[in-house]
Each structure stands twice: as C-alpha cells, then as structure tokens.
**Student:** 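Shown below is the structure under consideration.
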Amino acid sequence: GQCFDCRSRRRSPQTCQQANLALLALDSPFSVNEVEALYELFKKLSCSIIDDGLIHKEELQLALFQAPYGENLFLDRVFDLFDEKKNGVIEFEEFIHALSVFHPYAPIDEKIHFAFRLYDLRQTGFIEREEVHQMVAAILMESEMILSDELLTMIIDKTFADADSDKDGKISKEEWKVYVLKHPTLLKNMTLPYLKDVTTAFPSFVFNTEVED
Amino acid sequence: KFFNAFEFISSMSSGFDLSSLFESK
C-alpha cells in the first residue's frame, strides 16, 4: 500500500515506492539503483514459496540450501537477525538493513557485532562454551564428519584459551572484538563482494527505475 | 587444519555463507 506521506502528497504508488527506496538508500551504503537491484532479488526470494512479498524462513532456506526443509541451527540464527521485528518474516527494509552489514565498505565494528550476535545462540550477551560446542557439533553432523569428543574438547579449549582473556568461561563482546581483530579471516563471511556490483548482477532493475544514480 | 573452533564454524557452515543468495539468481 501507499505510505501516508505519499497519499497526502497524492503521489502514484510507483513514485511512492521510489521515494521509499531512496529513503532506504540514504540510510545504507547502497545507492538508489543498488537498492532497486536488491529489490529485484528480494522480489524473487519473497515469492519463491509463498507469494506475499515477504521472505519466510523456508524461502531463505531454499535460496541458501536449494531445499526448503530441515532444521538448521545457522539458518535459524541468520533469519532471526534479519527479522528485526521478530514477526517471523523478513521485510524489504529488514533485508536492506542486514545486507548493509555485509557490504564491503560497511564499518568493521558492525561486522564484528553482527558475527557476535550470530554466535551468541541463546542471546545472553556472551558466547559460551556450550554454544561453540553446539555449533561445531552441528557442522560435524551436517558434513558427516567424525571427530572424537577428546579432540573436540581440545579444539574448544584452545579457542577459549585464546579468546576468553578473563578466563570466565565465556566470550564477552569486548573479548570477541580483540579476538577477531587478531584473526580477521573469521570475518570473511561477513563481507559479500557481490554487494559492490549488485546492479550488474540484477540488471532487470533498469526496467523499473526512475532514478539515475 | 582447524585448530580454531570459530574458523571451523565460519568456513564450514553453509548457513552463515550468504553468497549463495546471489549465486542462485
């Protein structure tokens, strides 16, 4: 539907949508054309299973794993972080907000914070040993790899010896920051180079745009 | 190879790799 501002200014729905996209671009590292190109991606994802203009968890799962079914700890966390309003669906605005963090030019602090929230499964404000254990165990199961409990404990011990500097058995936000700055490869997944040339990846936005960057 | 739990998680979990959103276009 049209927003109040556009109704009161008697703008057409098309112009209204352009105004909303322009507003979203203002508050993100994306240009208006890039937001429009991402809207093409959003439209495609949000109608893949339920055609309602919102991304449901199954649709995100389908896009990431080529199959909409099955429990996945990581997908649950990613979806939860995208879904700011916690209403079980991802709206376009939420999609842009979350993808902004993955932009190559997004501030590193935002990437560090987002990654922390991904790993803080129970949202306690700390990354705890059990959470790390749970994530490693989930990957082992997912990839059908076998690792002895002894080796798994050793890996987690070593990781905590390095990351948990006050030795209280959990990693705080501050400890996490120091740790990832020492191991920047851990933030590799937090940057999507595709976002730098999203207009080339989704050229169909050109048919809908009224704006030239 | 993986002596760091987070390195293992970030490089092995497909759910944390959003690049496939763009590859599936």
Side-chain angles (χ1 to χ4, degrees), chain A residues 40-41 44-45 48 60-66 72-79 82 98-99 102 115 118-119 127 129 132-133 135-136 138-140 142-143 145 147 152 154-160 162-163 171 176 179-180 183 185-195 198 201-202 204, chain B:
Chain A
E40 297 299 312
L41 169 65
K44 186 181 159 263
L45 297 173
S48 65
L60 185 68
Q61 186 150 7
L62 179 64
L64 292 179
F65 302 128
Q66 282 74 54
N72 189 291
L73 179 69
F74 303 102
L75 179 97
D76 285 352
R77 280 309 290 143
V78 169
F79 187 86
F82 271 68
L99 285 184
F102 291 84
L118 275 175
Y119 295 136
I127 303 172
R129 270 189 79 94
V132 179
H133 188 281
M135 288 185 276
V136 175
I139 292 168
L140 291 173
E142 200 179 286
S143 52
M145 279 168 72
L147 200 69
L152 180 53
M154 262 174 63
I155 291 172
I156 295 175
D157 281 349
K158 191 174 182 306
T159 304
F160 271 73
D162 199 8
I171 300 165
W176 174 250
Y179 181 66
V180 288
H183 303 274
T185 53
L186 296 182
L187 291 178
K188 213 176 120 230
N189 282 353
M190 292 306 307
T191 294
L192 296 167
Y194 298 87
L195 291 175
V198 74
F202 297 93
S204 54
Chain B
K1 188 188 167 188
F2 299 110
F3 282 105
N4 179 318
F6 291 110
E7 204 169 302
F8 180 74
I9 296 166
S10 68
S11 58
M12 293 289 289
S13 79
S14 41
F16 281 175
D17 179 12
L18 297 185
S19 57
S20 36
L21 285 184
F22 301 89
E23 282 154 7
S24 69
K25 70 179 189 296

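Below, chain A is the first sequence line, B the second, and so on; all start at residue 1.
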**Student:** Less than 4.5 Å apart, any side-chain heavy atom of B:Phe22 and any of A:Pro193?
**Tutor:**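 B:Phe22 vs A:Pro193: side chains apart.
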**Student:** Got A:Leu186 and B:Ile9 here, is their nearest side-chain heavy-atom distance under 4.5 Å?
**Tutor:** no
**Student:** For B:Phe8 and A:Leu140: C-alpha separation, side-chain torsions, deciding distance, then whether side-chain contact (heavy atoms from CB on, under 4.5 Å) applies.
**Tutor:** CA-CA 10 Å; B:Phe8 180 74; A:Leu140 291 173; 3.7 Å; yes
**Student:** Sort out for me which of A:Ile139, A:Leu75, A:Asp76 touches chain B most, counting heavy-atom pairs under 4.5 Å.
**Tutor:** A:Ile139
**Student:** Of the non-hydrogen atoms in B:Asn4 and A:Ile155, which two are nearest, and what is the gap between them?
**Tutor:** C-CG2, 4.3 Å
**Student:** In terms of heavy-atom proximity below 4.5 Å to chain B, should A:Leu147 be classed as side chain, backbone, both, or neither?
**Tutor:** neither
**Student:** For A:Leu187, is it the side chain, the backbone, both, or neither that has a heavy atom closer than 4.5 Å to a heavy atom of chain B?
**Tutor:**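 Answer is neither: A:Leu187 stays 4.5 Å or more from chain B.
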**Student:** Of the backbone (N, CA, C, O) and the side chain (C-beta and beyond), which part of A:His133 lies under 4.5 Å from a heavy atom of chain B, both, or neither?
**Tutor:** neither
**Student:** So A:Asp162 and B:Phe6, side-chain contact (heavy atoms from CB on, under 4.5 Å) or not? Walk me through it.
**Tutor:** CA-CA 11 Å; A:Asp162 199 8; B:Phe6 291 110; over 6 Å; no
**Student:** Against chain B, work out which of A:Leu118, A:Thr185, A:Ile156, A:Val78 has the most heavy-atom pairs shorter than 4.5 Å and name it.
**Tutor:**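 Highest number of pairs under 4.5 Å: A:Leu118.
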**Student:** Can you find a heavy atom in the side chain of A:Met135 that is under 4.5 Å from one in the side chain of B:Ser13?
**Tutor:**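 Contact flag for A:Met135/B:Ser13 side chains = no.
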**Student:** If we only count heavy atoms from C-beta on, is the B:Leu18 to A:Tyr194 side-chain gap below 4.5 Å?
**Tutor:** no
**Student:** Which region of A:Tyr179, side chain (C-beta onward) or backbone (N, CA, C, O), has a non-hydrogen atom less than 4.5 Å from a non-hydrogen atom of chain B, or is it both or neither?
**Tutor:**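 It is the side chain, since no backbone atom gets that close.
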**Student:** Contact part of A:Leu73 toward chain B, heavy-atom cut-off under 4.5 Å: side chain, backbone, both or neither?
**Tutor:** neither
**Student:** Of the non-hydrogen atoms in B:Met12 and A:Glu142, which two are nearest, and what is the gap between them?
**Tutor:**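 Where B:Met12 meets A:Glu142 most closely, the heavy atoms are O-OE2, 4.2 Å.
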**Student:** Using every non-hydrogen atom in the two residues, find where A:Leu192 and B:Ser19 come nearest and quote the distance to one decimal.
**Tutor:**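 Answer, listing the atom of A:Leu192 first, then B:Ser19: CD2-N, 3.5 Å.
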**Student:** Provide the closest heavy-atom pair for A:Thr159 versus B:Ala5 in the form atom of the first, atom of the second, distance.
**Tutor:** OG1-N, 2.8 Å
**Student:** Under 4.5 Å heavy-atom distance to chain B, tell me which part of A:Phe160 shows up: side chain, backbone, both or neither.
**Tutor:**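 The answer is neither part of A:Phe160.
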**Student:** Please give me the minimum heavy-atom distance between B:Leu21 and A:Ala63, naming the atom from each residue.
**Tutor:** CD2-CB, 3.7 Å
